[in-house]
Amino acid sequence: EPEVTQTPSHQVTQMGQEVILRCVPISNHLYFYWYRQILGQKVEFLVSFYNNEISEKSEIFDDQFSVERPDGSNFTLKIRSTKLEDSAMYFCASSGGTGNEKLFFGSGTQLSVL
Amino acid sequence: KQEVTQIPAALSVPEGENLVLNCSFTDSAIYNLQWFRQDPGKGLTSLLLIQSSQREQTSGRLNASLDKSSGRSTLYIAASQPGDSATYLCAGPEASGSRLTFGEGTQLTVNP
């Protein structure tokens, strides 16, 4: 079965450093998302991406965050200057052609900011 | 703004028992609702997606219902097995837009 893949599975960084989290969505999907889950808290929406542009973003997704689809397969989340409170599990997800379909999640990148 | 809550927060049952997990949402203009399973340290696996025009969806031993008027969804698990032990999350979209709002989850333990 097709799956969303994320790399790396774990990322440790120093406060203030830039990180790039990478995702390969399912190949024929058109909608792409980033969510995050801080330990012990709910899964939170960050951003959705469709037709090569951001379609929606949350209050969390400030100027420190950016997303890119640099080629036909990868989807990246960049955090420019990490803060301690950015420590979380970051999930990439994708869905099919209508946006009203099942969401398929990757296994996540655990980001630890020291 | 959509708010999603789940009860109970945790549930422990003996193997073989039938059980129901509950999910409540505030925006009844919801156009679908999804149930997910999350294993420790892993991603989320979509179990069932119910469209607003449907009242329920079934997959194997799982049955999910959706009642928009009361703002509730339930996930019924029949003949539970130890392999069903996981956290179950429900999530609904905002009336407009693509973001999903997740509940806190129900941590299920099925004891052999």
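Order of the sequence lines fixes the chain letters, A, B, ..., with proteins taken first and strands second; residue numbering starts at 1 for each chain. Small disclaimer: the values here were computed from a predicted structure and weren't measured.
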Problem set entry | Any side-chain heavy-atom pair of B:R37 and B:T87 under 4.5 Å | no
Problem set entry | B:S24 and B:T5, any side-chain heavy atoms less than 4.5 Å apart | yes
Exercise. Are B:Y76 and B:S65 linked by a side-chain donor-acceptor pair shorter than 3.5 Å?
Worked result: no
Exercise. Does any heavy atom of chain B fall under 4.5 Å from the side chain of A:Q37, the backbone, both, or neither of them?
Worked result: side chain
Exercise. Do B:I50 and B:E56 come close enough that some side-chain heavy atom pair is under 4.5 Å?
Worked result: no
Problem set entry | Close side-chain approach of A:H29 and A:P2, heavy atoms under 4.5 Å | no
Problem set entry | Transitive ILVMFWY side-chain link A:Y35 to B:L47, under 4.5 Å | no
For this session: Decide yes or no for B:C23 and B:W35: does some side-chain heavy atom of the first lie under 4.5 Å from some side-chain heavy atom of the second?
Result: yes
Problem set entry | Residue-level contacts of residues 74-93 of chain A with chain B, using a heavy-atom cutoff under 4.5 Å | A:M89, A:F91
For this session: Might you point out which heavy atoms bring B:S73 and B:F25 nearest each other, and give the distance in Å?
Result: N-CE2, 4.2 Å
Exercise. Where on B:Q34 is there a heavy atom nearer than 4.5 Å to chain A: the side chain, the backbone, both, or neither?
Worked result: side chain
For this session: Using a 4.5 Å cut-off on heavy atoms from C-beta on, say whether the side chain of A:F104 contacts that of A:E3.
Result: no
For this session: Would you please classify the geometry between the B:F102 ring and the A:F105 ring as parallel, tilted or perpendicular, with 30° and 60° separating the classes?
Result: perpendicular
Exercise. Aromatic rings A:Y31 and A:Y33: how do their planes relate, parallel, tilted or perpendicular, breaks at 30° and 60°?
Worked result: parallel
Exercise. Which residues in residues 43-54 of chain A have a heavy atom less than 4.5 Å from any heavy atom of chain B?
Worked result: A:V43, A:F45, A:S48
For this session: Verify side chain to side chain contact (heavy atoms under 4.5 Å, CB included) between B:I30 and B:K68, making sure each step is shown before the conclusion.
Result: CA-CA 7 Å; B:I30 201 167; B:K68 288 179 57 176; 4.0 Å; yes
Seminar exercise, completed: Exactly one of B:N111, B:T109, B:L108 clears side-chain contact (heavy atoms from CB on, under 4.5 Å) with B:V13, and that residue is B:L108
Exercise. Which atom pair, heavy atoms only, marks the closest approach of B:Y88 to B:L21?
Worked result: CB-CD1, 3.5 Å
For this session: Would you check if B:N63 and B:L48 make a side-chain contact, meaning some heavy-atom pair closer than 4.5 Å?
Result: no
Exercise. Which residues in residues 55-65 of chain A have a heavy atom less than 4.5 Å from any heavy atom of chain B?
Worked result: A:S55, A:E56, A:K57, A:S58, A:E59
For this session: Over all heavy atoms of both residues, which pair between A:L103 and B:S46 is shortest? Give the atoms and the distance, please.
Result: O-CB, 3.5 Å
Exercise. Within a strict 4.5 Å, meaning less than it, do heavy atoms of the B:T101 and B:E3 side chains meet?
Worked result: no
Seminar exercise, completed: Given B:L49, B:L44, B:V4, B:D39, the one with more heavy-atom pairs under 4.5 angstrom with chain A than any other is B:L44
Problem set entry | Within one Ile-Leu-Val-Met-Phe-Trp-Tyr cluster: B:L19 and B:L62, side-chain cutoff 4.5 Å | yes
Exercise. Under a 4.5 Å heavy-atom cut-off, does chain A meet the side chain of B:L33, its backbone, both or neither?
Worked result: neither
Exercise. Do any of residues 107-114 of chain A have a heavy atom less than 4.5 Å from a heavy atom of chain B, and if so, which, in residue order?
Worked result: A:S107
